[in-house]
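Indexing begins at 1, ligand by ligand and atom by atom, following the structure's order. A quick note: this is a predicted structure, and the numbers were derived from the prediction, not measured. Because only heavy atoms are used, hydrogens play no part in the values below, and waters and symmetry mates are left out as well, while side chains stay in.
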Amino acid sequence: MNTKDAQTARQQRIRSLFDEYIEMYSSRDDRLTARFSSNFSGYTGGGDFLVKDCAEWQKITRQDFAQVPGRLRIEMLDLSLQDISDDVVVVAAFFHIHLPVPDQILSRETARLVLIFRIEDADWKIVHSGISIPYHLVESGEVYPLKGLHERNSQLETLVEARTRELEEANLKLELLSNTDGLTGIANRRSFDHVFLQEWQRAQRSGNPLALIMLDVDHFKLFNDRYGHLVGDDCLRSLAQVLLKEVRRSGELVARYGGEEFVVLLPDSDLHAAADTARRIQEAVRALAIPHADVPSWIVSFSLGVASLTPNREQVPDDLLSKADAALYHAKNLGRDRVELAPL
Ligand SMILES: Nc1nc2c(ncn2[C@@H]2O[C@H](COP(=O)(O)OP(=O)(O)OP(=O)(O)O)[C@@H](O)[C@H]2O)c(=O)[nH]1
């Protein structure tokens with residue numbers, strides 16, 4: 001074998017030793033430590049001191065394997081072998097290191113590794129290992145900065161959770177706002193339509209009656225004209241509160257239907273029970289005694305139309321609405337400030 005062939009053979013031998021070393025390193029194989037010379041020195045990726053003996057390096061290697069026990073993936077980017085002398089060869093490698101950690105942050109760090117091989121007792125040993133990975137966060141006892149990264153990750157998770165909670169609360173508020181009448185604070189028409197449909201379908205299934213009261217303030221235009229729109233607003237607010245006070249059974253709903261018109265939805269209520277509720281409301285509004293100089297009673301009053309229906313499969317919610325509306329129209333025509341019942 002000539003000198004050149006000998007050199008090539010030596011380089012091939014080192015290359016295969018290096019490949020074997022990388023394979024053992026990535027498969028977390030402890031036999032790797034047998035490759036180190038007793039005169040070893042080295043730098044770890046995150047370490048801030050020079051390791052000066054083999055036993056210390058073996059300890060660090062075990063820490064490394066314990067910290068990340070799963071197989072690593074090494075993606076070699078560049079590699080060079082350099083003969084320094086007859087018995088010394090330097091291998092410099094440049095690769096991506098992918099750690100099997102869930103947060104993935106360490107998954108594609110670029111590492112620079114320098115291994116110095118030297119012949120000792122007719123065998124190649126590693127006398128120096130210097131690995132440089134930009135791990136800035138390593139704590140003592142760590143080879144990889146996993147603790148810092150996990151902390152960063154859990155801080156991030158806490159932040160995401162807090163943001164999600166804020167978003168849910170904001171959505172809830174939004175939902176509440178979109179179902180509430182801005183002036184009176186009670187349910188709005190949108191909310192009523194939704195609940196009405198649900199109760200209608202429930203009544204269809206159960207065969208129980210569903211009742212509706214439609215209420216309209218009497219001569220409210222005259223009220224506004226005389227006392228002003230702001231007093232008119234106050235009046236509507238007070239009336240809404242009376243309704244809320246008088247309609248309290250669970251499942252019952254009071255809503256502003258629009259303008260000076262309100263609705264009361266009474267599940268499981270026949271015409272007789274609904275009429276009682278309507279009269280109770282009428283009395284409570286009378287007791288409130290909001291002055292209204294342009295009506296015969298001199299106080300604000302409602303006209304109320306009451307209807308109840310046990311819906312069959314062919315009927316639609318509008319059937320109940322128009323019955324209550326017709327009764328209200330009747331109440332207006334018969335002089336206002338009265339309760340009228342829709343015929344059964
Ligand atoms: N202040 C105030 N007025 C409102 C509001 N919404 C509707 N109105 C008023 O309610 C009045 C309703 O008038 P009309 O529909 O003519 O009915 P009315 O005067 O109550 O007469 P009848 O219903 O026939 O007894 C109008 O003057 C509207 O401006 C509101 O949010 N605030």
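- Scanning the protein heavy atoms around atom 13 (O) of ligand 1, the nearest turns out to be Lys221 CB, 3.8 Å.
- The shortest contact between atom 6 (N) of ligand 1 and any protein heavy atom is with Gly259 CA, 3.3 Å.
- Distance from atom 24 (O) of ligand 1 to its nearest protein heavy atom, with residue and atom name: Arg336 NH2, 3.0 Å.
- Residue Asp218 places no N or O, backbone or side chain, under 3.5 Å from any N or O of ligand 1.
- Contact annotation for Leu236 and ligand 1: only side-chain heavy atoms (C-beta onward) come within less than 4.0 Å of the ligand.
- Salt bridge Arg10/Asp83: present, at least one basic N to carboxylate O contact under 4.0 Å.
- Between Arg190 and Asp193, none of the side-chain N atoms (NZ, or NE/NH1/NH2) sits under 4.0 Å from a carboxylate O, so this pair counts as no salt bridge.
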Between Arg28 and Asp64, is a salt bridge (charged side-chain N to carboxylate O under 4.0 Å, His left out) present by the stated rule, with each step listed?
CA-CA 9 Å; Arg28 322 270 72 193; Asp64 175 341; 2.7 Å; yes
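- Inclusion of Leu183 in the set of residues having an N or O under 3.5 Å from an N or O of ligand 1 is not warranted.
- Taking every heavy atom of Val217 and a limit of under 4.0 angstrom, the matching atoms of ligand 1 come to 20 (O), 23 (O), 25 (O).
- The protein heavy-atom contact nearest to atom 9 (C) of ligand 1 is Asn224 ND2, 3.4 Å.
- Of all the heavy atoms of Asp233, the ones lying under 4.0 Å from any atom of ligand 1 are found in both the backbone and the side chain.
- Looking at Phe220 next to ligand 1, an N or O pair under 3.5 Å apart turns up.
- For atom 12 (C) of ligand 1, the nearest non-hydrogen atom from the set Lys332, Glu260, Glu261 belongs to Glu260.
- A donor-acceptor contact closer than 3.5 angstrom is absent between the side chains of Arg256 and Thr184.
- Around OH of Tyr329, the count of heavy atoms belonging to other residues, nucleotides or ligands within 6.0 Å does not exceed 12.
- Salt bridge Arg202/Asp268: present, at least one basic N to carboxylate O contact under 4.0 Å.
- Ring planes of Phe220 and Phe223: parallel class, angle under 30° (limits at 30 and 60°).
- Between His128 and Phe40, the angle of the ring planes stays under 30°, which puts this pair in the parallel group of the 30/60° scheme.
- Between Arg165 and Glu168, no side-chain nitrogen of the basic residue sits less than 4.0 Å from a carboxylate oxygen of the acidic one, so the salt-bridge criterion is not met.
- Of all atoms in ligand 1, listed by their number and element, those nearer than 4.0 Å to a heavy atom of Gly232 are 1 (N).
- Ligand-side atoms of ligand 1 in range of Arg256: 5 (C), 6 (N), 30 (C), 31 (O), range being under 4.0 angstrom from any heavy atom.
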